[in-house]
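Model, not experiment: these values are computed from the prediction. Counting starts at 1 for both ligands and their atoms, in listed order. No hydrogens, no waters, no symmetry mates; every other heavy atom, side chains included, goes into these values.
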Amino acid sequence: MVKTILITGATSGIGNAFAKLFAHEPVHLILVSRNEKMMGKMKDEMPHRNVTIIKKDLSAVNAAREVYQEVKQRGLVVDRLINNAGFGLIGRFDQVPIEPMSDMIRLNCSALTELSYYFLADIRSRSGKIMNVASTAAYQPGPYMTVYFATKAFVLSFSEALSEELKGSGVTVTALCPGPTHTNFGTTAHAENVRLFSRSMDAHRVAKLGYQAMERGKRVVIPGALNQFGAVAAKFLPRILGAKAVKMAVRPTKH
Ligand SMILES: NC(=O)c1ccc[n+]([C@@H]2O[C@H](COP(=O)([O-])OP(=O)(O)OC[C@H]3O[C@@H](n4cnc5c(N)ncnc54)[C@H](OP(=O)(O)O)[C@@H]3O)[C@@H](O)[C@H]2O)c1
C-alpha cells in the first residue's frame with residue numbers, strides 16, 4: 001500500500017532532506033510549511049509522486065487542527081508524521097523580542113503536540129510512526145538560547161513518554177536529536193558567528209539516520225559520534241556544567 005507521509009518544514013534543511021529521501025519510495029507526500037512557492041517547486045521536481053501542499057504557519061493558534069481538517073477533507077490517512085518544523089533564536093533572554101520567542105514555543109512544542117494528538121488515531125489505524133525532531137539541545141540548559149533549549153527538552157521528554165505509552169499499540173515514536181547541522185537554522189537564529197555551529201553535519205546524513213531509526217521504531221536517535229558523546233556526558237555531569245559549556249559555545253565569536 002502507498003504510504004502517506006506528512007512532513008512539516010520540508011522547504012529547507014533537514015525536512016527538505018526527508019522529502020528527498022521519501023521521493024525514492026512509492027509514497028504520497030504531504031508538505032506543510034509557509035513557503036507555498038518552494039513547496040510548489042518541490043512538487044514539480046517530483047512528477048512521479050503524489051504531493052499535497054498545505055500552506056500553514058504552524059506557530060498560529062489552531063494551525064495543527066486546520067492541517068488535520070484539510071488532510072481529512074482530501075480523504076487522506078497519514079501513516080508517518082514527521083514533526084520537523086522548528087527554529088531557534090540566539091541572544092540574551094531579556095534582549096530577544098517576546099513575540100518570536102512565543103512563536104517558537106507554539107511551533108516547536110504546541111504544533112508538534114497537537115499534530116501528534118489529532119493524527120494519532122489515523123496513524124494507529126495504519127500501525128504507523130511518528131518522528132519528532134528534537135535536538136542535542138534537549139540534554140542540557142542553554143544560556144543565550146534559553147527558550148530554544150527548553151523547547152527541545154520538551155520535545156524529547158514528550159516523545160519518550162509517548163513512545164512508552166504507545167508500546168504494544170503498533171505505533172512507534174522516535175525522537176531525532178541532531179547536533180549542529182548545515183541548514184538555514186543558523187541564519188534564522190542569527191547564529192552565523194557562533195562557535196556551536198562551526199562544525200556542523202550534513203542535513204542529508206542527519207535525515208537518513210533519522211529515517212532509518214524511525215523505520216526501525218527506535219525511541220531516540222542522535223546522529224554523529226561527537227553528538228552522542230555530548231549527550232551521554234550531559235547525562236552524567238552536573239547540569240550546571242552543561243549550561244556553562246553551552247554558554248561558551250553559543251557566545252558569538254565576533255562582536
Ligand atoms: N540545524 C541545526 O543545527 C539543528 C540542530 C538540531 C535540531 N534542529 C531542528 O531541526 C528542525 C529543522 O530545522 P532545520 O535545521 O532544517 O532549519 P531550517 O533549514 O531553517 O528549516 C526550518 C523549516 O521549518 C519551517 N518553518 C519554520 N517556521 C515555520 C512556521 N511558523 N510554520 C510552518 N513551518 C515553519 C520552514 O519552512 P517555511 O519557512 O517554508 O515555513 C523550514 O522548512 C527544527 O526543529 C530544528 O530545531 C536543527
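Looking only at protein heavy atoms, the nearest one to atom 5 (C) of ligand 1 is Gly179 O, 3.2 Å. Atom 22 (C) of ligand 1 has Gly86 O, 3.9 Å as its closest protein atom, hydrogens excluded (heavy atom only). In terms of protein heavy-atom proximity, atom 37 (O) of ligand 1 is nearest to Thr11 OG1, 2.9 Å. Ranking protein heavy atoms by distance to atom 10 (O) of ligand 1, first place goes to Val133 CG1, 3.4 Å. Protein heavy atom nearest atom 39 (O) of ligand 1, with residue, atom name and distance: Arg34 NH2, 3.0 Å. Looking only at protein heavy atoms, the nearest one to atom 19 (O) of ligand 1 is Ser12 OG, 2.4 Å. When hydrogens are left out, the protein atom nearest atom 16 (O) of ligand 1 is Ile14 N, 2.8 Å; that is the closest non-hydrogen contact. Counting only heavy atoms of the protein, atom 14 (P) of ligand 1 lies nearest to Thr183 OG1, 3.5 Å.
Residue-level proximity to ligand 1 for Asn84 is carried by backbone and side chain together, each with a heavy atom below 4.0 angstrom. For Thr181, heavy-atom contacts with ligand 1 shorter than 4.0 Å involve the backbone as well as the side chain. Contact annotation: for Lys56 versus ligand 1, heavy atoms closer than 4.0 Å belong to the backbone alone. Of the heavy atoms in Ala134, only backbone atoms (N, CA, C, O) come closer than 4.0 Å to ligand 1. The part of Ala10 lying near ligand 1 is the backbone, judged by heavy-atom distances below 4.0 Å.
Listed for the Asn108 side chain is a donor-acceptor partner under 3.5 Å among the backbone atoms of Phe87. Checked by atom type and distance alone, the side chain of Asp57 never pairs as donor or acceptor with a backbone atom of Arg34 at under 3.5 Å. With hydrogens and angles ignored, the 3.5 Å screen pairs a side-chain donor or acceptor of Lys43 with a backbone N or O of Val51. Between the side chain of Ser33 and the backbone N or O of Thr8, no donor-acceptor pair lies under 3.5 Å. The closest donor-acceptor contact from the side chain of Thr181 to the backbone of Gly179 lies under 3.5 Å. Although no hydrogens or angles enter the test, the distance criterion places no donor-acceptor pair under 3.5 Å between the side chain of Lys152 and the main chain of Tyr139.
Within the 4.0 Å heavy-atom cutoff, Gly186 does not count among the residues contacting ligand 1. Contact annotation: Gly88 has no heavy atom less than 4.0 Å from any atom of ligand 1. A heavy-atom separation below 4.0 Å is not found between Met39 and ligand 1. Assignment of His182 to the shell around ligand 1 is not supported, since no heavy atom sits closer than 4.0 Å.
A salt bridge (Lys or Arg N to Asp or Glu O under 4.0 Å) with Asp79 is found for one member of Arg124, Arg126, Lys3 and no other, namely Arg126. Of the residues listed (Thr183, Asn184, Asn35), the one engaging Ser12 in a side-chain hydrogen bond (donor to acceptor under 3.5 Å, both in side chains) is Asn184, and it is the only one.
Taken to the nearest 0.5 Å, the CD1 atom of Ile98 stands 10.0 Å off from the CG atom of Asp103.
Within the 4.5 Å cutoff, no side-chain heavy atoms of Tyr148 are placed close to those of Leu89. In this structure, Leu237 and Gln140 have side chains that are not in contact, with every pair of non-hydrogen atoms separated by 4.5 Å or more.
Applying the 4.0 Å criterion to heavy atoms of Gly13 picks out, from ligand 1, the atoms 16 (O), 19 (O). Ligand-side atoms of ligand 1 in range of Asn35: 40 (O), range being under 4.0 angstrom from any heavy atom. Every atom of ligand 1 is numbered from 1 in the order shown, and the set under 4.0 Å from a heavy atom of Asp57 is 30 (C), 31 (N), 32 (N). Listed by number with element, the atoms of ligand 1 under 4.0 angstrom from any heavy atom of Pro180 are 3 (O).
In terms of the side-chain contact (heavy atoms from CB on, under 4.5 Å) criterion, residue partners of Phe154 (sequence neighbours excluded) are, by chain and number, Cys109, Thr113, Phe158.
When only interatomic distances are considered, the shortest N/O to N/O separation between Ser135 and ligand 1 does not fall below 3.5 Å. Residue Pro178 places no N or O, backbone or side chain, under 3.5 Å from any N or O of ligand 1. Checked against a 3.5 angstrom limit, the closest N/O atoms of Leu58 and ligand 1 fall inside it.
Between Arg106 and Glu114 there is no salt bridge, since none of the side-chain N atoms of the basic residue sits less than 4.0 Å from a carboxylate O of the acidic one.
Ring pair Tyr68/Tyr118 is parallel by interplanar angle, where below 30° counts as parallel and above 60° as perpendicular.
Dense packing is recorded around NZ of Lys72, with more than 12 heavy atoms of other residues, nucleotides or ligands lying under 6.0 Å away.
Scanning Phe18, Tyr148, Phe87 for the heavy atom closest to atom 46 (C) of ligand 1 points to Tyr148.
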